[in-house]
Amino acid sequence: MVILGAGGTARAALGAAAQLKVARVGVVARRPAAIAALDPVAAALGVRLSHHPWSAAVATLGRADVVVSTVPSGVADPLAGQVAWPAGA
């Protein structure tokens with residue numbers, strides 16, 4: 001699972017991931033400090049977090065089985081056409 005964005009909605013997505021027993025979640029965001037701020041939240045939920053810079057979004061999203069976008073409308077639009085989505089996605 002990959003969460004796109006690291007704000008308040010990303011915290012809710014981490015909570016949902018924990019309830020679904022997702023052991024590892026990747027977070028892609030523009031600000032590394034915002035991802036780092038999620039570390040204590042993930043630890044409290046028992047979820048391992050991996051950090052990915054926005055520059056690695058295309059590759060990271062292409063490897064994900066589930067993507068949850070928590071960014072404002074339109075922010076991720078340029079990425080959608082660049083990701084090599086798995087067949088059937």
Side-chain angles (χ1 to χ4, degrees):
M1 175 179 182
V2 172
I3 298 173
L4 192 58
T9 308
R11 286 163 173 71
L14 277 175
Q19 287 186 338
L20 293 170
K21 308 283 190 246
V22 176
R24 184 175 187 90
V25 174
V27 177
V28 175
R30 294 172 283 185
R31 296 180 305 111
I35 301 173
L38 294 175
D39 283 333
V41 176
L45 294 168
V47 176
R48 290 182 22 201
L49 201 63
S50 59
H51 298 215
H52 304 277
W54 193 261
S55 60
V58 171
T60 304
L61 296 174
R63 291 189 303 267
D65 52 351
V66 174
V67 176
V68 177
S69 178
T70 67
V71 297
S73 178
V75 170
D77 289 356
L79 300 174
Q82 298 177 42
V83 175
W85 301 106

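In this text, all values refer to a predicted model and were calculated from it rather than measured experimentally.
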**OP:** For residues A13 and I3, report the shortest heavy-atom separation together with the two atoms involved.
**Re:** CB-CD1, 3.6 Å
**OP:** Mind running side-chain contact (heavy atoms from CB on, under 4.5 Å) on V68 and L4 for me, showing each step along the way?
**Re:** CA-CA 6 Å; V68 177; L4 192 58; over 6 Å; no
Original post:
Under a single-linkage definition using a 4.5 Å side-chain heavy-atom cutoff for Ile, Leu, Val, Met, Phe, Trp and Tyr, are V27 and M1 assigned to the same hydrophobic cluster?
Top reply: yes
Original post:
For P78 and G74, which heavy atoms make the closest approach, and how far apart are they?
Top reply: CD-O, 3.7 Å
**OP:** To the nearest 0.5 angstrom, please state how far the OG1 atom of T9 sits from the CG atom of L14.
**Re:** 11.5 Å
Original post:
G5 and V71: which non-hydrogen atoms are nearest, and at how many Å?
Top reply: CA-CG1, 3.7 Å
Subject >> Check: V28 and V2 side chains under 4.5 Å, non-hydrogen atoms >> reply: yes
Original post:
Between CZ of R11 and OG1 of T70, what distance do you get to the nearest 0.5 Å?
Top reply: 10.0 Å
Subject >> side-chain contact (heavy atoms from CB on, under 4.5 Å) evaluation trace for V22 with V47 >> reply: CA-CA 7 Å; V22 176; V47 176; 5.6 Å; no
Subject >> Exercise: identify the closest heavy-atom pair between A36 and P40 >> reply: O-CD, 3.7 Å
Subject >> Listed partners of S50 passing side-chain hydrogen bond (donor to acceptor under 3.5 Å, both in side chains), at least two apart >> reply: H52
Original post:
Would a 4.5 Å heavy-atom cut-off, applied to side chains only, mark V25 and L38 as touching?
Top reply: no
Original post:
So which pairs with a foot in residues 18-40 pass side chain to side chain donor-acceptor pair (under 3.5 Å), sequence neighbours left out?
Top reply: D39-H51
**OP:** With rounding to the nearest 0.5 Å, note down the distance linking CH2 in W54 to CG in L79.
**Re:** 5.0 Å
**OP:** Could you tell me whether the side chain of P72 reaches within less than 4.5 Å of the side chain of V75, counting heavy atoms only?
**Re:** yes
**OP:** Treating Ile, Leu, Val, Met, Phe, Trp and Tyr as nodes and any side-chain heavy-atom pair under 4.5 angstrom as an edge, say whether L45 and V66 lie in one connected cluster.
**Re:** yes
**OP:** Tell me, please, which residues at least two apart from A44 pass side chain to side chain contact (heavy atoms under 4.5 Å, CB included).
**Re:** none
